[in-house]
Amino acid sequence: MEKTYKPQKSESKIYSLWEKGGYFTPAIDYTKLPFVIIMPPPNANGVLHIGHAVFVTLEDIMIRYHRMKKDPTLWLPGADHAGIASQVAYEEVLSKQGKSRFDLGREEFYKQIYDFTRRNREIMESQLKKLGASCDWTRKKFTLEPQISKAVYHTFKKMYEDGLIYRGKRIINWCPRCGTALSDLEVKYEERTTKLVFIKYPIVDSEDFIIVTTTRPETMLGDTAVAVNPKDKRYKELLEKEIQVQLPLVGRTIPLIADERIEPEFGTGAVKVTPAHDPVDFEIGEQHQLPIIEVIGKDGKMTEKAGKDYAGLEVISARKKIIKNLQEQGLLAKQEDYFHAVGTCDRCHTIIEPLVSEQWFVKAKKIAEPALKVVRQKKIRFIPSHYEKIFFHWMENIKDWCISRQIWWGHRIPVWYCQCGEILVDVKKPETCPKCRKSSLRQDPDTLDTWFSSGQWPFIVFGWPEETKDYKYFYPTTVMETGYDILFFWVARMIMMGIYCTGKIPFKYVYLHGLVRDKDRQKMSKSKGNVIDPLGVVDLYGADALRMALVFGTSPGRDVIVSEQKIIAQRRFANKIWNAARFVLYHLQEKTDFLEAKQKDLRLTKKDRWILSELNSTIDRVNRSFQNFRFHQAAEEIYNFFWHKFCDQTIEDIKKRLFKGKNPQDKLTGRWVLHRVLSTSLKLLHPFMPFVTEEIYQMLPGKPKKALIIEDWPKRQTFFK
RNA sequence: GGGCGGUUAGCUCAAUGGUUAGAGCGCGAAUUUGACGUAUUCGAGGUUACUAGUUCGAGUCUAGUACCGCCCACCA
C-alpha cells in the first residue's frame, strides 16, 4: 500500500468496478418497499458546478445507505433541456460567430442546440461518475426524448380537455431581449433608482388639472382612464361630476374612475390607467371595460399606436422625449428620484415589459388545492419543516401559470390551427380538420415552459401514462432532494401535476438543501471569481474529500459554506482512514486466524470492550441521524469515532499488544478487534466516502462480499466477556 | 407591505429541553512515535445578540427588542 492515499489512482478503477458489478440497478422485489430518488435533472446547457456536487453528495449518501440496508434502491439520473436557459446559452455561442438564431432558421437551430446539449450531457455524465454518483444509468432520461415528449403532450391534452389549460389574451411578462413571455416566477425584481413623474392631466371644460403620479410616463400614450380611490375626499367632487380629462400630448379624452386598489397615500392619489402595459391597470381595465391601447411592441419599441412622434423609439428614448414634450407644454408638475423594484428577466436581466398577448395558461388554483391538502395532511413532509409555511404561502396565492414561450428550444405546443378557426389539441398532428376536413393544419409555433415538463418528471421517467412495471413499482418515489431556490419552480409544480396526472403524491419527503457560498458567505459566481470547480477539486483532493466537505458542518435547508481549507481537512481524513487501514491490514494479513475466531477464543480487554461499545453507539447514532435526514451529524459521528476513538486510542493500544505481547490469544483478540472495528467503520463511512472505503475493502482479508457497496449495513452487536 | 430564517470560539458552522456547549480552519507549545509530517499530543479561546418569562433544568420553548439575510408582493 502507498504511504498516502492517492485518490487519482483509485477512483475511476473503483467506479468501473461498481458499474461492471451492475450494483446501481436495483432488483425489483415485490415483497419490499423500494427507496427511490429521482435526480433533479441538471440543465444540459453547461457543465456541473459546485451546486450539483451538493445534490450528488446528499442523494448518493441516502442511496448508498439504503442500498446497504437492502432496500431495492433506485436513483434515476437525467438531464433537462432547460428551454430558455439553453436557448440563451446557445445564442451566446452563436453571437460569438456573429450569428443569430434567425440566420439558421428554426430547424437548423434546433438541430444545433440539440447537439450542443447532447455534448453537455455526455460531459455531465462523466462528471457525475467522477463524483461517485451511484445512479442507475440504464434508466437515464432526457426531457426531450420522444417518450417523454409524448407524455408531456398527453398531459397537455388531458388538461385542455379538463378545462385546466386555456388560451387567452392577457397581460403577461414579456422579455424584449429573449422575445418571449415569461411566468411570474421568471421575473426577478431588482431595486433601481428611477424617476417618479408627476404629470398634469387637464380636466375637460375646466382650467384645472388632475396630477397623476407614474414611474412610466411613456405608457401614458396608451392611457384609457385616470383612477383614484373612491374614498379619497380630494377627488370626491370630481368623481360625482363624472368628469373627463384630456390626455396630454395625445388629446384623447378619458374618464376619471374610482377603484379600491388605488392607494391614496401614494403620490397625489391619482394614477393613470394603462391596461395594455401594467398588470393592475389591466385588471382595472377589465372591471371598468376600458379599451386597451398597445403602445409598446414585442420588440421593446413604441408602436404605431403611440403616434408618429414616438413610433419606433426604444422605451427609454420615448420616455425622455415625453418628459421633454410635457415640460415644454407646462404639463410636467415635477420629478423626483424614486427607489423601487423593477421586474427583470431571470435569465438575461433585461427589464420586463408587461404586454397584452395571446398565450396558453394553466388554471393553477384548481390543481393547487389538492397539493395544499396533502402537505397539510403531512402526506408529504418537508425537511426542514419550516419550508411548509413558505410553500403554503405561495400556493395559497397562486395565479394562473403562463406556459407558452416564444422560443424554439423545447416541447412544441401540441396544438394545431385550421383555417376554419378550429383548434385541435392532440398528442400528434391530426390528419385533417374534423370540422372542415381540410388538411392544411398549422402547429402552434410556441414551445412549453420547461417547468411544465419537469413538473411531471417523477412519473414520466417511468413511462407514464403507460402503466409500466417501473411505474407501478417505483412510483410514488421516496425523497425529492433539491435546492430551496426551486421550491416554487419545481417542487410545487411536481406536487400539483403529480397529483393531477397520477392521482398520487409524487414523493413522501422533500429534502431541501441550500446554496453554496464561499467562506465569506458570498454566493459563488463566475464574475466574482470565487467559484470552486467540483471536478478540479476531485482531481486535486479526491471525490471523497469534496463530498465530505460538502456535508460536514452543514444542516438541512441552510446554505452550504465551502472553502479549500475545508476540503483539505477532509482529504486529511481520507488519508487518515487509508493509513489506519494500512496498519490494520498489515497485521491482518500476517495471520488470518481472527476470521474463524469464536467469542470463546477471545480475551477482550476493558479497552477492547470500550471501543466495541463505542462502535455500537456510533451505529445507533448514525442510524438515528439518517432517519432524521441529518447527514452532517452522521458524518461527524463517524469522523469522531474513527479518528479520535479508533485511531487515537484503540490502534495505539493494540499496537503495543501486537508488537510486544507474548500471549497468542491476546494477539488474536487484537487482530479480531481491529478487523471488526475497521470493517464496520468502512461500512459506516461508505455512503460519505465511497471510493477510499471501497478501495480498502477490496484489500480486506476474508471480505464476505464482492464489494463494499453491496455490503450489509452494520447492526449493533453485543459481546460478552 | 407581508412572510421565513439567522445572531453560539478569531473565521465558517454544529448541537433531538438533560454531564463540563462541540468540530474544521486559524493561533500557541511540544513530539522525529514501529499506519499517517497531508501526522500525533497538549493548550488558549464562549456572559450562546439583548430583555423578560415557562421549567427541577433553556443555546434549545414563549413573548418582546435590536441588528443581519432571504423569499414573496399590483404603491403605479
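Sequence lines set the chain letters: A, B, ... in the order given, protein chains first and strands last, and positions in each chain run from 1.
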[X] vs [N]: side-chain N/O to OP1/OP2 distance below 4.0 Å:
| X | N | value |
| --- | --- | --- |
| A/His644 | B/rU41 | no |
| A/Lys655 | B/rA35 | yes |
| A/His587 | B/rG34 | no |
| A/Trp643 | B/rU40 | yes |
| A/His340 | B/rA76 | yes |
| A/Thr213 | B/rA76 | no |
| A/Arg261 | B/rC74 | no |
| A/Lys656 | B/rG34 | no |
| A/Lys576 | B/rU40 | yes |
| A/Arg558 | B/rG69 | no |

Please state the [atom1] separation for the pair [N] and [M] - nearest whole angstrom.
| N | M | atom1 | answer |
| --- | --- | --- | --- |
| B/rA58 | B/rG69 | C1' | 26 Å |
| B/rU8 | B/rG59 | C1' | 7 Å |
| B/rU7 | B/rG53 | P | 23 Å |
| B/rA29 | B/rU65 | P | 49 Å |
| B/rC27 | B/rC68 | C1' | 28 Å |

Within the structure shown, what part of the strands sits under 4.0 Å from [X] by heavy-atom distance: base, sugar-phosphate, or nothing?
| X | value |
| --- | --- |
| A/Ile568 | nothing |
| A/Lys660 | base |
| A/Tyr5 | nothing |
| A/Ile262 | base |
| A/Lys389 | sugar-phosphate |
| A/Glu263 | base |
| A/Ala580 | base |
| A/Phe282 | nothing |
| A/Glu652 | base |
| A/Thr4 | base |

Tell me the interatomic distance from [X], atom [atom1], to [N], atom [atom2], rounded to whole angstroms.
| X | N | atom1 | atom2 | answer |
| --- | --- | --- | --- | --- |
| A/Tyr484 | B/rC70 | OH | P | 9 Å |
| A/Asn173 | B/rA73 | CG | P | 10 Å |
| A/Asp485 | B/rC72 | CG | P | 10 Å |
| A/Trp578 | B/rC36 | CH2 | C1' | 12 Å |

Point to revise | Along RNA chain B (nearest heavy atom to each residue), the more 5'-positioned of A/Phe266 and A/Ile390 | key: A/Ile390
Review point. Starting at the 5' end of RNA chain B and moving along, which residue's nearest nucleotide shows up first, A/Asn579 or A/Asn397?
Key: A/Asn579
Nearest to the side chain of [X], which nucleotide is it out of [options]?
| X | options | result |
| --- | --- | --- |
| A/Asp648 | B/rU40, B/rA14, B/rC75 | B/rU40 |
| A/Arg624 | B/rU16, B/rA15, B/rA35 | B/rU16 |
| A/Asn575 | B/rA15, B/rA35, B/rU38 | B/rU38 |

Review point. Is it the case that A/Arg170 places NZ or CZ above or below the six-membered ring of A/Phe282, under 6.0 angstrom from the centre and within 45 degrees of the axis?
Key: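 No - A/Arg170 does not lie over the ring of A/Phe282 by the 6.0 Å and 45° rule.
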Searching all strands shown, indicate the nucleotide that pairs with [N] (Watson-Crick or G-U wobble; both distances under 3.5 Å).
| N | result |
| --- | --- |
| B/rC56 | B/rG18 |
| B/rG1 | B/rC72 |
| B/rU32 | none |

Review point. More than 12 non-hydrogen atoms from neighbouring residues, nucleotides or ligands closer than 6.0 Å to NZ on A/Lys6, yes or no?
Key: yes
Check your understanding: Under the side-chain contact (heavy atoms from CB on, under 4.5 Å) criterion, do A/Phe198 and A/Glu336 qualify, and how do the steps go?
Key -> CA-CA 9 Å; A/Phe198 295 76; A/Glu336 46 191 52; 3.8 Å; yes
Exercise for review: Report yes or no: is there a donor-acceptor pair, N or O only, under 3.5 Å between the side chain of A/Glu2 and the base of B/rA35?
Suggested key: no
Point to revise | Donor-acceptor contact below 3.5 Å, side chain A/Trp578 vs main chain A/Glu2 | key: yes
Check your understanding: With respect to A/Trp490, which candidate in A/Asp485, A/Thr482, A/Ile495 satisfies the side chain to side chain contact (heavy atoms under 4.5 Å, CB included) definition?
Key ->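 Checked A/Asp485, A/Thr482, A/Ile495 against A/Trp490; only one passes side chain to side chain contact (heavy atoms under 4.5 Å, CB included): A/Thr482.
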Point to revise | Min side-chain heavy-atom separation A/Met220-A/Leu326 under 4.5 Å | key: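 Counting from C-beta outward, A/Met220 and A/Leu326 do come under 4.5 Å.
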Practice item. Please report the C-alpha distance between A/Asp620 and A/Arg624 in whole Å, then the side-chain angles of each, then the deciding distance to 0.1 Å, and finally whether the salt bridge (charged side-chain N to carboxylate O under 4.0 Å, His left out) criterion is met. Key: CA-CA 6 Å; A/Asp620 289 345; A/Arg624 211 178 317 144; 5.6 Å; no
Review point. Between A/Tyr201 and A/Phe209, does the ring centre distance come in under 6.0 Å?
Key: no
